Amino acid sequence: RRRKKSIDNYDLDIEILVDLEFKEAVFGTQKELKYKIKKPCKECDGTGGEKTTCDYCGGRGQISQRQGFMSFVQTCPKCGGHGEMLKSKCPKCGGKGYDEVEQSFKFDIPKGVDNGIKIRISQKGNLSKDGSYGDLYAVIRVKEDDRFVRDGDDVYLEVPVFITQAMLGETIIIPTLDGEKELKLRVGTQDKEQFVLENEGIENLRTKKRGNLIAQISIKMPKKLNENQEKLIKELEKSFGIEPNKMVEESMFDRIKGWFK
């Protein structure tokens with residue numbers, strides 16, 4: 001939450017967006033932040049110029065209004081509750097009361113950060129008239145990845161598999177956060193079937209335990225067949241006892257599954 005001191009006319013805490021690539025958020029990284037902070041104008045000592053008492057509230061910063069037997073107190077709309085107004089603006093800051101100064105420093109982003117997380121960096125915010133600094137809040141924004149989809153500490157990956165690979169239960173190479181690894185399919189792997197690779201997900205910020213990688217199978221079918229391929233598939237169909245042009249009963253599926261056990 002941002003803090004504001006009564007002696008300053010600006011918030012001391014600052015928020016800035018920090019964009020990260022997906023892998024940078026997963027494994028942590030170092031970023032150089034460039035931003036501006038406010039410092040009280042030295043020329044006018046942060047006042048903005050020569051001031052005079054507000055003629056609307058008489059310097060109280062509040063005005064009261066009476067309606068019947070009730071009275072209401074509200075902030076003075078003319079001076080904004082300060083009780084003073086600028087008589088003449090400071091030529092250096094134009095009446096703002098502060099200067100903006102470029103800042104730049106490097107800081108480490110831990111593993112496992114996600115969208116919306118705020119990292120507090122102490123004493124890197126705006127400078128107050130009393131010499132203290134506010135804090136800087138780096139708000140993390142993570143870009144989407146082409147392959148991986150994050151869900152908390154778990155990561156989902158769609159794995160395209162050709163139908164013959166699924167039928168044979170082949171071992172295929174898939175990408176993971178740590179590089180390529182083998183995934184052993186089971187014979188007769190189904191479309192949208194999920195394989196869980198434990199401890200292959202994202203490290204939790206607090207517990208430091210890694211989530212899982214969930215590989216979801218997407219069965220790919222051939223869109224065209226040549227004459228020889230069509231002949232081979234018909235022979236395969238016949239070997240399973242499937243009659244052409246007839247719907248396969250559920251009991252038939254159960255029987256076929258039994259052949260692979």
Side-chain angles (χ1 to χ4, degrees), residues 15-35 104-121 136-226 229-230 232-233 236 253 256-257 260-261:
E15 282 188 7
I16 61 171
L17 275 175
V18 178
D19 288 312
L20 298 180
E21 297 293 335
F22 185 82
K23 288 287 184 74
E24 289 180 323
V26 171
F27 295 110
T29 186
Q30 187 180 75
K31 284 287 181 181
E32 183 175 10
L33 298 184
K34 293 183 179 180
Y35 63 105
S104 176
F105 75 97
K106 293 180 180 179
F107 84 111
D108 294 324
I109 295 175
K111 295 179 181 179
V113 295
D114 202 356
N115 272 315
I117 285 179
K118 293 183 181 180
I119 300 175
R120 177 176 170 267
I121 304 154
L136 174 67
Y137 288 86
V139 182
I140 301 300
R141 185 168 61 185
V142 184
K143 296 179 183 177
E144 292 184 357
D145 189 81
D146 293 335
R147 288 178 167 175
F148 302 107
V149 177
R150 181 173 183 171
D151 180 23
D153 299 329
D154 294 333
V155 175
Y156 285 81
L157 169 70
E158 185 178 76
V159 180
V161 173
F162 196 64
I163 186 171
T164 53
Q165 294 177 305
M167 292 173 69
L168 294 168
E170 290 186 354
T171 297
I172 59 175
I173 304 297
I174 65 168
T176 72
L177 297 177
D178 300 303
E180 292 185 336
K181 293 194 177 178
E182 290 185 348
L183 174 66
K184 177 69 174 74
L185 302 175
R186 66 175 188 83
V187 173
T189 294
Q190 301 295 303
D191 188 45
K192 293 184 172 55
E193 188 170 341
Q194 294 182 343
F195 291 81
V196 179
L197 284 70
E198 294 184 354
N199 301 314
E200 294 284 351
I202 297 170
E203 184 177 295
N204 186 279
L205 274 170
R206 293 180 296 278
T207 66
K208 304 303 178 185
K209 288 182 63 177
R210 290 189 68 169
N212 299 325
L213 173 66
I214 296 95
Q216 180 165 302
I217 304 303
S218 175
I219 302 294
K220 300 301 178 183
M221 304 282 285
K223 294 182 178 179
K224 287 184 180 181
L225 297 173
N226 60 33
Q229 290 168 336
E230 187 175 343
L232 289 170
I233 290 175
L236 178 63
F253 277 120
I256 291 171
K257 286 179 184 177
F260 293 108
K261 292 179 181 177

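The model shown is predicted, which means the values in this text are computed figures rather than measured ones.
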query = Should we count NZ of K106 as having more than 12 external heavy atoms under 6.0 Å?
reply =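 Result for NZ/K106: open.
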
State, with a plain yes or no, whether a side-chain heavy atom of [X] is found less than 4.5 Å away from one of [Y].
X	Y	answer
L197	L183	yes
I233	L225	yes
I174	R147	no
L20	V113	yes
R186	E193	yes
V196	L213	no
T189	F195	yes
S104	E32	yes

request  = Test side chain to side chain contact (heavy atoms under 4.5 Å, CB included) on L136 and F105 and set out the steps.
outcome  = CA-CA 12 Å; L136 174 67; F105 75 97; 3.9 Å; yes

Thinking salt bridges, do [X] and [Y] make one under a 4.0 Å N-O criterion?
X	Y	value
D178	R210	yes
E21	K143	yes
K184	E170	no
E200	K181	yes

message = Applying side chain to side chain contact (heavy atoms under 4.5 Å, CB included), can you list everything that pairs with V26, at least two apart in sequence or on another chain?
response =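 V26 satisfies side chain to side chain contact (heavy atoms under 4.5 Å, CB included) with F22, L177, I202 once adjacent residues are dropped.
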
message = Does either side chain, that of Q194 or that of Q216, offer a donor lying less than 3.5 Å from an acceptor on the other one?
response =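 Distance-only check passes for Q194 and Q216.
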
query = Is there a donor-acceptor contact under 3.5 Å linking the side chains of D108 and Q30?
reply =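 Yes, because at least one side-chain N or O of D108 sits under 3.5 Å from a partner of the opposite role on Q30.
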
message = Would E24 and K31 count as a salt bridge (charged side-chain N to carboxylate O under 4.0 Å, His left out) here? Give the steps.
response = CA-CA 10 Å; E24 289 180 323; K31 284 287 181 181; 3.4 Å; yes

With no hydrogens and no angle check, is any side-chain donor or acceptor of [X] less than 3.5 Å from a backbone partner on [Y]?
X	Y	value
D154	N212	yes
N226	Q229	yes
N204	R206	yes

Atom pair [atom1]/[atom2] of [X] and [Y] - distance to nearest 0.5 Å:
X	Y	atom1	atom2	result
I173	E180	CD1	CD	6.5 Å
F162	K220	CZ	NZ	11.5 Å
E144	N115	CD	CG	8.5 Å
K118	Y137	NZ	OH	8.0 Å
L205	D114	CG	CG	8.5 Å

request  = Evaluate the side chain to side chain contact (heavy atoms under 4.5 Å, CB included) criterion for residues Q190 and I219: first the C-alpha distance (whole Å), next the side-chain angles of each, then the deciding distance (0.1 Å), finally the verdict.
outcome  = CA-CA 7 Å; Q190 301 295 303; I219 302 294; over 6 Å; no

key: Test applied, side-chain contact (heavy atoms from CB on, under 4.5 Å); reference residue, V18; option that passes from I119, I109, T29, V142   =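 Single side-chain contact (heavy atoms from CB on, under 4.5 Å) partner of V18 among I119, I109, T29, V142: I109.
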
Return the minimal non-hydrogen interatomic distance between [X] and [Y], and the atom names on each side.
X	Y	answer
L157	P175	CD2-O, 3.2 Å
A138	I121	CB-CD1, 4.3 Å
E15	V139	OE1-CG2, 4.0 Å
A215	V159	CB-CG2, 3.8 Å
M221	I163	SD-CD1, 3.3 Å
E158	P160	O-CD, 3.5 Å

task = List the steps, then state whether side chain to side chain contact (heavy atoms under 4.5 Å, CB included) holds for V161 with D191.
result = CA-CA 9 Å; V161 173; D191 188 45; over 6 Å; no

ask   = Yes or no on side chain to side chain contact (heavy atoms under 4.5 Å, CB included) for D153 and E203, after CA distance, side-chain angles and deciding distance?
value = CA-CA 7 Å; D153 299 329; E203 184 177 295; over 6 Å; no

